[in-house]
Amino acid sequence: METKYLFVTGGVVSSLGKGIISSSLACLLKARGYRVTIQKFDPYINIDPGTLNPYEHGECYVTVDGHEADLDLGHYERFTNIRTTRANNVTTGRIYQSVIDKERRGDYLGKTVQIIPHITDEIKRNVMALGKTGQYDFVITEIGGVVGDIESLPFLEAVRQLRWELENDCLCIHLTYVPYIAAAKELKTKPTQHSVKELQHLGIQPDVLVLRTEHEVPASVRRKIAQFCNVSPDAVVESRDASSIYKVPMLMHSQHLDEIVLRKVGINPVGEPDLGPWKEFLSRMDSATEKVTIGLVGKYVELQDAYKSINEALFQAATYMGHKLDLRYIHSEKVNPANVDSQLSGLDGVIIAPGFGQRGIEGKFTALEWCRTHDIPTFGICLGMQCMVIEFARNVLGLREANSTEMDHATPDNVIDLMEEQKSIHNMGGTMRLGAYRCDLRQGSRAAAAYGATSVEERHRHRFEFNNDYRARFEAAGMQCVGQNPDTHLVEVVEIPALRWFIGTQYHPEYSSTVLSPSPLFMDFVKNAINYKQEKEQNN
């Protein structure tokens, strides 16, 4: 079959969940046996979110090929169990960079370079690139931002052109908001009408409307919206708030979204999607009664999206272990020797979060010393692993001024140091060690047991590394370097075998954790946290 292109736009307000709707639709189409991929077009001028502060844009997600991407790509992977690449996330910055590079090379033969056709053609080329590989039946493209934003106009103009060029192989799904006015006890359709009119003003007629709402939208209201928005009544879908994002695919299927889309592109939907494994996950989620309490120590804990992939990996692991996740956020700037016991006691396990920079770092050291000496299951990720190494160097090896050269250039014991190839790099964007790398695990280590393998591949996002000059001293004192890259011999995993579960990874295992393939390391961490909880209950 010819590749079908589905565009998802948003209206009225941001943060309605275009990424979740796109991911849910992809999940349903994939469960019907179709080959599906999703891409996100972000209208900001940054080349990618790699240099953005988490307060600006939430988590920076990393693809297997080392692209720093929007956090929605994490949702895409978690819902579809497919791996994304740099082709799945394009920004205005990348579009303009490509066009300017072509202009400098003379590719436009001296013509005046303009928004139309040069910018819009570059956008269209990126939309079509995935489809032209012949690997996909459906390419779902989410347009970031809200209809009416100046930044989104070139993307929407490209969608308008493709809508006519691709004819029946193209579809526009518009996600909008239907507010409920409590004082009037009424749902209001006018914001949706105005949003669709704005889209129509740009030359795009949506084929399907998805209505985000906290309340049920009656059939009469849906018919009214259909009438005023020139959309067929059976193509107006309700998307009510769900207790979990993982229930949205089932809710969308109950609203027949997958069937509507298939019919709109000329495919007769036959049978039901194979959602057995997904339903099993939801069943485990709904039937769990016991809680496992995990503390996440980081400096962005007031921002829910800063550690999105870690949150979801923990939730998935807890669900498969038959427990509800009770996740406690602990601000590392507020942890000190005087309050660490009250901050961390009562937890079943602790995650020391990744990050960059000096702020909050001493609180992480304090938390790690408490976790190590109290033998509580502890998981350090990226900077969290580096903090494990520094704390151990200071308090076990006796190197009181040990540090990372990221935090202290003059430290006499640089147990964490800048990679040699990074020392001459001055640009910040896209210059770290990024993407999937192989890691060989020591036979008999806890990490190897967790994976059930001695060779794994996980994704990285960092500049600084364990300094191998100190390796022998660490191992002699009890912190084992059990994982390393086979080509560079860089240390990837450390653990203290004498403790219940004390493991740090230089890589980010949370990036590869999905609903149907949860991270083995997170599963083992949560399992040991549950075991620790049960030990405490028995002792009490």
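- Ring centroid separation for the pair Phe474 and Phe466 comes in under the 6.0 Å cut-off.
- Checked options Glu68, Glu77, Lys308, His508; the residue passing with Tyr61 is Glu77 (criterion: side chain to side chain donor-acceptor pair (under 3.5 Å)).
- Side chains of Asp417 and Tyr470: no donor on one and acceptor on the other come within 3.5 Å.
- Between the side chains of Gln443 and Thr454, no donor-acceptor pair is found at a separation under 3.5 Å.
- Put simply, the side chain of Cys382 reaches to within 4.5 Å of the side chain of Gln506, judged on heavy atoms.
- Between Phe79 and Trp278, the angle of the ring planes lies from 30° to 60°, which puts this pair in the tilted group.
- For an aromatic pair to be called close, the ring centres must be under 6.0 Å apart, and Trp501 with Tyr532 fails this.
- Aromatic ring centres of Tyr320 and Phe281: separated by under 6.0 Å.
- Salt-bridge formation is not detected for the pair Arg446/Asp524: no Lys NZ or Arg NE/NH1/NH2 atom is positioned less than 4.0 Å from an Asp or Glu carboxylate oxygen.
- Between Tyr507 and Tyr437, the distance from one ring center to the other does not fall under 6.0 angstrom.
- Judged by the 6.0 Å distance and 45° axis criteria, Arg94 is not positioned over the aromatic ring of Phe41.
- Look at Lys324 and Glu290 and you find no salt bridge, because none of the NZ, NE, NH1 or NH2 atoms lies under 4.0 Å from a carboxylate O.
- A salt bridge links Glu535 to Arg500: at least one charged side-chain nitrogen sits closer than 4.0 Å to a carboxylate oxygen.
- Tyr136 and Tyr34 have their aromatic ring centers separated by at least 6.0 angstrom.
- Ion pair Arg442/Glu475 flagged as a salt bridge, since at least one NZ, NE, NH1 or NH2 atom sits closer than 4.0 Å to an Asp/Glu carboxylate oxygen.
- Remark: Arg78 is not positioned above the aromatic ring of Tyr76, lacking an NZ or CZ atom under 6.0 angstrom from the ring centre and at most 45 degrees off the axis.
- Under the 4.5 Å side-chain criterion, counting only non-hydrogen atoms from C-beta, Ser309 is not in contact with Glu312.
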